[in-house]
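Both ligands and their constituent atoms are indexed starting at 1 by order of listing.
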Amino acid sequence: MSKTLIRAMILPMTGPDDFYPEGEIAIEGDRILSVGPKGSAPAGFVPDRVLDLPNDVVMPGLINTHTHAAMTMLRSYADDLPLMPWLTDKVWPFEAKMGKEDIYWGTKLALAEMILSGTTSMLDMYGDMDRVGDAVLETGTRAVLSRGMIGNAPNGEQAFQEQIELVENYHGAGDGRIQVMFGPHAPYTCSGEFLQKVKAEADRRGVGIHIHVAETLDEINTIKEQEGKTPVQWLNDLGIFGGHVVAAHCVHLTEEDINILAEKKVAVAHNPESNMKLNSGTAPVPEMIAKGVVVGLGTDGASSNNNLDLFGEMRSAALQQKLKKDSTALPAYEVLEMATIQGAKALGYEDIGMLAPGYKADLITINFDQPHFYPRFSIPAHLVYVAHAGDVRTMMVDGKFIMEERKLLTMDVKKICQEVEQRAKRIAAEFAD
Ligand SMILES: CSC[C@H]1O[C@@H](n2cnc3c(O)ncnc32)[C@H](O)[C@@H]1O
Ligand SMILES: [Zn+2]
């Protein structure tokens, strides 16, 4: 079993007062053995590798709780539109022309960008998720995969079958680095009957559900017209809540909706930049947290963002709430929790999101020896308001280094960029007049 010792500043995310300015973290195999001040590694721990990074901050890898990785293929292809015209006029026609290999390469590009910006885990929703799984397995990151199912589409049934195959073939793959959830797309694209069928099958197989919920006022009005209640109340009455559910967005909620999410332990994936870009609105994040809802952070896809950088997302999450409410809303440490430990809980993990003995060794180091990090008054504030993707130096997932000195150790980035450029442009050319 490999043994690694990292000496650095450590922000373990185990509590707001926990920080080791001169710390060390001992890793054995895929797990953390000890975290503490200099000299705290157990006596007799003889590392095969020591990483001395006194000016780096080590923290848990960031967790993206809602994305569509392969949508890097559509980055800056469809901008400045509200949700429904964006989907129906631009995104869905483009996606209809994407094949399995386009999805594979688009996902590889997303993973490269995520690693370079500190993200070790994602919850993804898309088609051809077997190839997404392959990309994740090769790359070495962690992911929860859901087959996006538009129940009302002609291929809704086929998508459901592919979802079942995804559970059978990928749930637990890569020594548990891959997990699977069911991915019914949204209340406005799936019937109540379809959603109940999904819930029954997900329960039968012991996996959760990942779904877009209450993203826009349009959605609220549509569901209220059709069902006479809000999307959250409708999903609750259908019996969809109660097990492991991640609801992406939850922008437009009544007080009763928030109570339901809290009572049924529905986790929320908050996507502030996508919500701003599509003019969907501002989610009531402090209100949800105050009621005990687990809220993680997501980027959504690279077409509604247009990047997958969770450092930018943390800053946006904090600033958006301050603009909407007041400057005390969503302080830095709380935002960091959303991107780490709360994100882990949302995805159903009990052993990632913190640096603590027995936890998986999923971590990043951030180079703090740069002008924008001085003076060092507050490490959490620096990470949320100052740091950017380019500051991430090192990444370890499951005890294995996958990036060092910003060099990706498991992927050929140049090849990936070339593949995506050619594939995306080829599809876009089919729409040219
Ligand atoms: C059927 S696979 C997933 C599906 O979701 C689409 N999508 C991407 N972003 C959003 C969003 O913010 N709201 C709703 N749907 C979204 C994506 O393009 C895929 O078609
Ligand atoms: Zn989405």
Item to check | Closest candidate by heavy atom, reference atom 18 (O) of ligand 1, pool His249, Glu95, Met84, His185 | outcome: Glu95
Checklist entry - Of the choices Lys277, His212, Met129, which has the non-hydrogen atom that lies closest to atom 16 (C) of ligand 1? => result His212
Item to check | For Trp92, the ligand 1 atoms whose distance to one of its heavy atoms is below 4.0 Å | outcome: 20 (O)
Next on the checklist: For the backbone of Val180 and the side chain of Tyr170, can you confirm whether one donor and one acceptor N or O come within less than 3.5 Å of each other?
Outcome noted: no
Item to check | Under 4.0 Å to a heavy atom of Gly148 - the qualifying atoms of ligand 1, by number | outcome: 1 (C), 2 (S)
Checklist entry - Taking it one step at a time, do His210 and His66 satisfy ring-ring contact (aromatic ring centres under 6.0 Å, His included)? => result CA-CA 9 Å; His210 172 205; His66 178 71; 5.0 Å; yes
Item to check | Numbered atoms and elements of ligand 1 in range of Tyr188, under 4.0 angstrom, heavy atoms | outcome: 14 (C)
Checklist entry - Is the NZ or CZ atom of Lys97 both under 6.0 Å from the centre of the six-membered ring of Phe431 and within 45° of that ring's axis? => result yes
Item to check | pair Asp398-Arg177: side-chain heavy atoms closer than 4.5 Å | outcome: yes
Next on the checklist: For atom 12 (O) of ligand 1, what's the nearest protein heavy-atom neighbour? Residue, atom name and distance, please.
Outcome noted: Glu215 OE2, 2.6 Å
Item to check | Sub-3.5 Å N/O-N/O distance, Asp300 and ligand 1 | outcome: yes
Checklist outcome for this item: Here the atoms of ligand 1 under 4.0 Å from any heavy atom belonging to Val91 are 18 (O)
Item to check | Minimum-distance protein heavy atom relative to atom 7 (N) of ligand 1 | outcome: His68 NE2, 3.7 Å
Checklist entry - If you round to the nearest 0.5 Å, how far is NE2 of His249 from CD of Glu215? => result 3.5 Å
Next on the checklist: Determine whether a donor-acceptor pair (N or O, by modelled atom type, separation under 3.5 Å) exists between the side chain of Asn305 and the backbone of Thr299.
Outcome noted: yes
Checklist outcome for this item: Near Met71 (heavy-atom distance under 4.0 Å), the atoms of ligand 1 are 8 (C), 17 (C), 18 (O)
Item to check | His382 and His372 aromatic centres sub-6.0 Å | outcome: no
Next on the checklist: Under 2.8 Å from the Zn ion (ligand 2) - does any N, O or S atom of Asp300 fall there?
Outcome noted: yes
Item to check | Rounded to 10 degrees, the angle NE2 of His68 makes with NE2 of His212 at the Zn ion (ligand 2) | outcome: 100°
Item to check | Whether His249 has an N, O or S atom under 2.8 Å from the Zn ion (ligand 2) | outcome: no
Checklist entry - Any side-chain donor paired with an acceptor under 3.5 Å for Asn306 and Lys277? => result yes
Checklist entry - For ligand 1, which atoms sit closer than 4.0 Å to a heavy atom of Trp86? => result 8 (C), 9 (N), 10 (C)
Item to check | Pro187 backbone acceptor or donor facing Trp234 side chain under 3.5 Å | outcome: no
